[in-house]
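Ligands are counted one by one from 1 in listed order, and the atoms in each one are counted from 1 as well. The residues of the chain are indexed from 1 along the displayed sequence.
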Amino acid sequence: MSKKLALAILLSGNGTNFQAIVDSIENGRLKAAIKIVISNNKDAYGLKRAKKHNIKNLCLDHKDFEDRKSYDQKLKEVIKQESVDFIILAGFMRILGSDFVKNFPNKIINIHPSLLPKYPGLNTHKKVLENKDKEHGVTVHLVDEGLDSGPIIGYAKVKVGVKEKENDLINKIHKIEHFIYPEILTELQEGKISIINNKIKIDDVYHKNGKEYFI
Ligand code: GAR
């Protein structure tokens, strides 16, 4: 059995994805330890969740920093002290600058509520509805210097019903996010997925477009 994963979690809001990772650790499925939770938003409910589970947590409010560079520098220093295997973005609504990203090659993972490369950025559910898409989904990917653009590790699809509203999609998407994020981390811990030179290897095969997950 490979060693436990050491994780840093970055979030800005509710933190339901963080909670799903905690739940998976607590129920014994995911062999991992969350070393620190960092939020750029002092009111993020995710920080309360961390406190409740006795997980080290910190607010680094971007408003207290002069620019992105100084914010990222501090973030880098804090995370380096924790010696983590992966930096997990769980609703972290800030772009990480290229200096930060270069410091953690093959280590930063994000979850995004769309089937990337479709709809990077914000308001993905609205865009799906506006464009009358028949399917929507979630993507877990490695973070590079672009916006939601790094190599894809895995994705899961959902069907979009004709009568569905934005809230229905948000709920559907959260449900699959809470499944796929802990699942991918478990596969990383078990060595089924590896990340080598910015490329994703799953079950010994290099995957260009990631693996599809089914709930
Ligand atoms: C999630 O839907 C996640 O995919 C999204 O923010 C939400 C956070 O929810 N992330 C992005 O849009 C990143 N581009 P949570 O705080 O309940 O986990």
As an exercise, identify every atom of ligand 1 less than 4.0 angstrom from a heavy atom of [X].
X: Ile111; answer: 3 (C), 4 (O), 10 (N), 11 (C), 13 (C)
X: Pro113; answer: 4 (O), 5 (C), 10 (N), 11 (C), 12 (O)
X: Met93; answer: 11 (C), 12 (O)

Nearest non-hydrogen atom to [atom] belongs to which of [options]?
atom: atom 16 (O) of ligand 1; options: Gly15, Gly13, Ser114, Ser12; result: Gly15
atom: atom 18 (O) of ligand 1; options: Asn17, Leu116, Asn14; result: Asn17
atom: atom 9 (O) of ligand 1; options: His125, His112, Gln19, His174; result: His174
atom: atom 4 (O) of ligand 1; options: His178, Arg49, Glu177; result: Glu177

* ring-ring contact (aromatic ring centres under 6.0 Å, His included) between His141 and His112, worked out -> CA-CA 8 Å; His141 67 97; His112 182 74; 7.0 Å; no
* Asked: Taking Asp72 for the side chain and Gly97 for the main chain, is one N or O donor matched with an acceptor at less than 3.5 Å?
  -> yes
* Asked: In terms of hydrophobic clustering (I, L, V, M, F, W, Y; side-chain heavy atoms under 4.5 Å; direct or indirect links), are Leu60 and Val84 co-clustered?
  ->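 The answer is yes; both residues are in one hydrophobic cluster.
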Short N-O contact, [X] and [Y], less than 4.0 angstrom:
X: Arg29; Y: Glu183; value: yes
X: Asp61; Y: Lys63; value: yes
X: Lys3; Y: Asp85; value: yes

* Nearest heavy-atom neighbours spanning Tyr155 and Asn209 ->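 What the structure gives for the nearest pair is CE2-O, 3.5 Å.
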* Structure fact -> Nearest heavy-atom contact between Leu129 and Glu166 is CD1-N, 3.5 Å
* **atom 17 (O) of ligand 1 - nearest protein heavy atom and its distance** =>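 Here the nearest protein heavy atom works out to Thr16 OG1, 2.5 Å.
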* **Protein contact of atom 8 (C) of ligand 1 - nearest heavy atom, named by residue and atom, plus distance** =>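 Scanning the protein heavy atoms, the shortest distance from atom 8 (C) of ligand 1 goes to Gly91 CA, 3.6 Å.
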* Residue-ligand contact Asp148/ligand 1, heavy atom below 4.0 Å ->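 Distance cut 4.0 Å: Asp148 passes for ligand 1.
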* Heavy atom under 4.0 Å from ligand 1: found in Leu11's side chain, backbone, both, or neither? ->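 Answer for Leu11: neither.
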